Amino acid sequence: MAASEDISAIEGTGGAEKPVDDAAEVMLQEVQKKISDAFDIFDHESNKTVDVREVGTIIRSLNCCPSEGELHDMIAEMEEEEPTGYIRSERFLPLMVHTLMNRKYKPAPEDQLLKALEIMDQDKKGYLTIEELTKYMTEEGEPFTQEEQEEMLSAAVDPEKGTVNYKEYAMMLAVDET
């Protein structure tokens with residue numbers, strides 16, 4: 001179902017006339033406002049556009065966690081036929097309404113994050129060293145950029161011990177969905 005069909009179905013427009021579910025309408029309006037507010041923060045020119053390089057940050061600020069490949073697909077869907085380097089609000093909003101209403105790209109829950117981090121701790125020490133975490137960030141899966149590595153390490157590493165207590169880190173990474 002396309003994003004515009006989602007909106008039509010929720011709004012009760014298009015096709016057979018159905019009574020509008022007030023709760024669904026309120027939810028749709030809240031989602032649209034949340035998306036618009038996030039978009040507006042990055043609309044530095046106040047012209048309903050954002051730099052395409054900011055789109056991933058906006059999407060992730062909405063608690064959507066697509067992979068880099070999925071993010072590139074989303075951007076391709078939002079871009080003009082002739083890419084300008086900017087994404088217009090009217091192309092961003094419907095796709096993100098569809099994404100949020102269908103709960104796509106949900107962040108991993110805390111228990112799943114903890115299990116993943118425990119697997120990296122092959123010696124079952126209860127923590128990871130900076131070297132171990134750096135190795136996983138660069139050699140396994142989708143490699144982190146240098147900037148992403150530095151950002152993650154600055155958040156994850158206990159400055160006194162120089163290690164990552166992954167139970168605490170999993171709690172910090174988990175997104176509260178309330």
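On a predicted model such as this, the values are computed, not experimentally measured, just so you know.
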Student: Between Glu160 and Asp158, what is the shortest heavy-atom contact and its length?
Tutor: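 Looking at all heavy atoms of both residues, the shortest contact is N-OD1, 2.8 Å.
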Student: What are the two closest non-hydrogen atoms of Leu62 and Met96, and how far apart are they?
Tutor: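 Between these two residues, the closest heavy atoms are CD1-CE, 3.9 Å.
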Student: Can you check whether Ser67's main-chain N or O pairs, donor with acceptor, with Glu70's side chain at less than 3.5 Å?
Tutor: yes
Student: Checking Asp111 side chain against Lys115 main chain: does a donor-acceptor pair fall under 3.5 Å?
Tutor: no
Student: Taking all heavy atoms of Pro66 and all of Leu71, pick out the closest pair and write down the distance.
Tutor: CB-N, 4.1 Å
Student: From Leu114 CG over to Tyr169 OH, what is the distance, rounded to the nearest 0.5 angstrom?
Tutor: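 Rounded to the nearest 0.5 Å, the CG-OH separation comes out at 13.0 Å.
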Student: Sub-3.5 Å donor-acceptor pair from the side chain of Asn102 to the main-chain atoms of His98, do we have one?
Tutor: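 Yes, because the side chain of Asn102 sits within donor-acceptor range (under 3.5 Å) of the backbone of His98.
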Student: Quick check against the 3.5 Å criterion: does Glu132 have a side-chain atom that pairs as donor or acceptor with the backbone of Thr129?
Tutor: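 Here the side-chain-to-backbone pair exists.
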Student: Looking at Gln122, I'd like to know if its CD atom is crowded, meaning that more than 12 non-hydrogen atoms belonging to other residues, nucleotides or ligands lie closer than 6.0 Å.
Tutor: no
Student: Is it true that Glu80 and Arg88 have a side-chain N and a carboxylate O under 4.0 angstrom from each other?
Tutor: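 Here Glu80 pairs with Arg88 in a salt bridge, since their nearest N and O are under 4.0 Å apart.
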Student: Between Asn165 and Glu168 (side chain of the first, backbone of the second, donor and acceptor by atom type, cut-off under 3.5 Å), is there such a pair?
Tutor: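 Yes; at least one donor-acceptor contact below 3.5 Å.
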Student: State the CG-CD distance between Leu95 and Glu77, to the nearest 0.5 angstrom.
Tutor: 5.0 Å
Student: Are Tyr127 and Leu113 connected, step by step, through hydrophobic side chains (Ile, Leu, Val, Met, Phe, Trp, Tyr) whose heavy atoms are closer than 4.5 Å?
Tutor: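 No.
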Student: Start with the C-alpha distance between Phe144 and Thr138, add both sets of side-chain angles, then the distance that settles side chain to side chain contact (heavy atoms under 4.5 Å, CB included), and finish with yes or no.
Tutor: CA-CA 6 Å; Phe144 283 48; Thr138 57; 5.8 Å; no
Student: Any idea which heavy atoms bring Val31 and Met101 closest together, and the distance?
Tutor: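 Scanning both residues completely, I find the closest heavy atoms to be CG2-SD, 3.7 Å.
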Student: What verdict does the side chain to side chain contact (heavy atoms under 4.5 Å, CB included) test give for Leu100 and Cys64, after you've listed the backbone C-alpha separation in whole Å, the side-chain angles of each residue and the deciding distance to 0.1 Å?
Tutor: CA-CA 8 Å; Leu100 291 181; Cys64 291; 3.3 Å; yes
Student: Can you tell me if Asp121 and Tyr166 form a side-chain donor-acceptor pair at under 3.5 Å?
Tutor: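 Result is yes, a qualifying pair exists.
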Student: Using a 3.5 Å distance criterion without hydrogens, assess whether the side chain of Glu148 forms a donor-acceptor pair with backbone atoms of Thr145.
Tutor: yes
Student: Donor-acceptor pair, Arg53 side chain versus Tyr86 backbone, under 3.5 Å?
Tutor: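 Not a single qualifying donor-acceptor pair exists.
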Student: Tell me whether Glu68 is salt-bridged to Arg60, with the criterion being a basic N under 4.0 Å from an acidic carboxylate O.
Tutor: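 Salt bridge flag = yes for Arg60 with Glu68.
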Student: Taking side chain as C-beta onward, heavy atoms only, is Ile130 less than 4.5 Å from Thr163?
Tutor: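 Ile130 does not reach Thr163 side chain to side chain.
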Student: Taking side chain as C-beta onward, heavy atoms only, is Met152 less than 4.5 Å from Leu133?
Tutor: yes
Student: What's the verdict on side chain to side chain contact (heavy atoms under 4.5 Å, CB included) for Ser89 and Thr49, showing C-alpha distance, side-chain angles and the deciding distance?
Tutor: CA-CA 6 Å; Ser89 176; Thr49 65; over 6 Å; no
Student: Kindly give the heavy-atom pair with the smallest separation between Pro83 and Glu79, and that separation in Å.
Tutor: CB-OE2, 3.7 Å
Student: Is any side-chain heavy atom of Val50 closer than 4.5 Å to a side-chain heavy atom of Val55?
Tutor: yes
Student: Please name the pair of heavy atoms, one in Ala174 and one in Glu110, separated by the smallest distance, quoted to 0.1 Å.
Tutor: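 Heavy atoms of Ala174 and Glu110 come nearest at CB-CB, 3.6 Å.
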Student: When rounded to the nearest 0.5 angstrom, what distance separates OG1 in Thr99 from CE in Met74?
Tutor: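 Reported to 0.5 Å precision, the distance equals 4.0 Å.
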Student: To the nearest 0.5 Å, how far apart are CG in Leu153 and OG1 in Thr134?
Tutor: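 Separation between the atoms: 4.5 Å.
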Student: Rounded to the nearest 0.5 Å, what separation is found between the CD atom of Gln29 and the CE atom of Met27?
Tutor: 12.5 Å
Student: Enter the distance from Glu54:CD to Ile41:CD1 here, rounded to the nearest 0.5 Å.
Tutor: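 Taking CD in Glu54 and CD1 in Ile41, the distance rounds to 11.0 Å.
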Student: Look at atom CD of Glu147 and say whether more than 12 heavy atoms of other residues, nucleotides or ligands are closer to it than 6.0 Å.
Tutor: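 Counting other residues, nucleotides and ligands, CD of Glu147 stays at 12 neighbours or fewer.
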Student: Within a strict 4.5 Å, meaning less than it, do heavy atoms of the Ile35 and Phe92 side chains meet?
Tutor: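 A side-chain contact under 4.5 Å exists here.
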